[in-house]
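Counting starts at 1 for both ligands and their atoms, following the listed order.
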Amino acid sequence: MPETANTEWITEELDGLRKAGLFTHIRTLTSPQGAWLVVDGKQVLNFCSNNYLGLANHPRVVEAAKQAIDRYGIGPAAVRTIAGTMGLHLELERRLAAFKGVEAAITFQSGFTANLATLPALVGKEDVIFSDELNHASIIDGSRLSGATIVRYAHRDPADLERQIVASQATGYRRGLVVTDGVFSMDGDMAPLDAILAVARRHDCVLMVDDAHGEGVLGRGGRGIVDHFGLHGQVDVEVGTLSKAFGVVGGVVAGSQRIVDWLRQRGRPFLFSSAMTVPDVAACIAGIDLLEGSTELVDRLWANTETFKREMQGLGFDTGASTTPITPVMLGEAPLAQDFSRRLFEAGVFAMAIGFPTVPRGKARLRVMISAAHSPEDLDRGLSAFEQVGKQLGVI
Ligand SMILES: *Cc1c(COP(=O)(O)O)cnc(C)c1O
């Protein structure tokens with residue numbers, strides 16, 4: 001009898017990934033998050049993180065986490081429904097609801113688990129989920145877990161959404177739910193939420209938006225995509241993350257008291273996985289304090305974004321369809337994108353190459369994430385590295 005099971009196939013699979021150029025090399029950081037990082041021992045300008053506002057290592061956020069640890073320790077030591085709900089969790093939820101202008105909010109361990117909690121709580125086998133074809137993996141997984149029929153509609157296309165709803169009505173279903181990313185993470189384009197809402201209302205569907213890349217970025221002072229479109233009180237479910245602009249880790253669902261009450265009873269990651277830790281919660285509260293106190297960070301994020309995109313376009317780069325700080329630099333073939341990224345890294349700039357299957361074949365790109373933490377000198381430094389490598393490779 002063998003001592004262990006035969007897992008030889010995993011080695012073969014891993015080798016296959018390496019041969020196809022699809023193996024993910026995970027780089028190691030030995031510095032805090034910020035405009036500059038130490039990555040694999042090298043100091044590089046950071047164009048990769050979702051640290052939109054520089055909160056991941058903001059002194060006030062760090063201080064709030066330290067003070068909370070001194071007072072309450074670290075771990076919640078239980079799921080929220082047993083002994084894991086601390087006053088701090090409820091304070092964060094009240095503050096998030098007030099910040100977003102909704103009746104209530106509920107937090108989760110991550111944006112991913114927020115989607116895994118919400119979709120199966122709201123729909124089941126007799127129901128239909130209408131989902132943008134480019135929605136995030138956590139929406140796809142949450143949709144599958146729910147057991148509902150999943151109908152994909154064309155990316156950002158309310159007319160196709162309506163056609164799909166009408167076609168499904170012909171065969172009949174109990175409840176319908178429309179779900180879309182707010183900002184799509186690979187192209188930086190935004191869902192036309194007002195038009196999608198109109199379709200959802202006409203057909204009595206619940207509307208759920210996952211605002212992971214819009215939280216702290218879009219709307220007045222970073223209040224998110226619903227605020228950006230002025231749709232307060234009309235979008236049923238807003239999922240957000242505390243892991244991107246908030247610079248911490250966690251997820252949130254904001255909406256009506258009724259939906260939040262239901263998620264406290266039926267959201268499985270809420271019921272069966274432990275609560276956010278004390279320093280995470282305190283850091284998120286400090287983040288809201290900063291955002292409510294001043295729009296400075298959000299304004300700087302957008303100013304940096306405009307400068308960078310304008311200058312990149314001036315150099316002759318194609319920055320795609322982005323209307324947000326996510327700035328794709330379209331290069332076409334994956335090997336070119338990888339080569340570009342490698343040369344930038346040698347020049348001290350860290351920007352990720354993204355290829356198939358994350359984006360379609362022939363649409364490989366670098367993805368530049370702009371942050372309020374970048375100084376004008378940082379942006380200049382990044383631009384000149386892009387110019388140098390772009391010329392070397394004949395892209396511009
Ligand atoms: C990043 C992201 C998530 C996951 O958020 P985490 O808090 O990192 O788990 C969920 N949905 C979308 C659309 C995202 O972009």
Nearest neighbour in protein (non-hydrogen) for atom 6 (P) of ligand 1: Gly111 N, 3.4 Å
Nearest-contact summary for atom 14 (C) of ligand 1 - protein heavy atom, Å: Lys244 NZ, 2.8 Å
Taking atom types as modelled, find out whether Gln313 and Asp318 have a side-chain donor-acceptor pair closer than 3.5 angstrom. no
Element-labelled atoms of ligand 1 that are located less than 4.0 Å from some non-hydrogen atom of Asp181: 13 (C)
Interfacing atoms of ligand 1 (cut-off 4.0 Å, heavy-atom, Ser110): 7 (O), 9 (O)
If you look at every heavy atom in Pro325 and Thr305, which pair is closest and at what distance? CB-OG1, 3.4 Å
Proximal candidate to atom 12 (C) of ligand 1 [heavy atom criterion; set Asp210, Asn115, Thr180, Val183]: Asp210
Can a non-hydrogen atom of Ser138 be found less than 4.0 Å from any atom of ligand 1? yes
Heavy-atom pair of closest approach, residues Ala114 and Val239: CB-CG1, 3.9 Å
Looking at Arg156, Arg365, Lys363, Arg367, which one forms a salt bridge (charged side-chain N to carboxylate O under 4.0 Å, His left out) with Asp187? Arg365
Ring centres under 6.0 Å, that's the criterion: do Phe47 and His374 meet it? yes
What atoms of ligand 1 come within less than 4.0 Å of a heavy atom belonging to Ala212? 2 (C), 11 (N), 12 (C), 13 (C), 14 (C), 15 (O)
Can you say whether the rings of Phe340 and Phe317 are parallel (under 30°), tilted (30 to 60°) or perpendicular (over 60°)? perpendicular
What atoms of ligand 1 come within less than 4.0 Å of a heavy atom belonging to His213? 15 (O)
At a 4.0 Å threshold, what atoms of ligand 1 neighbour a non-hydrogen atom of Phe112? 4 (C), 5 (O), 6 (P), 9 (O)
Residue Ser243 vicinity, atoms of ligand 1 by number, heavy atom under 4.0 Å: 6 (P), 7 (O), 8 (O)
Show me which atoms of ligand 1 lie under 4.0 Å from any heavy atom of Gly250. 7 (O)
Among Leu197, Leu161, Val199, find the one that has a side-chain contact (heavy atoms from CB on, under 4.5 Å) with Val178. Leu161
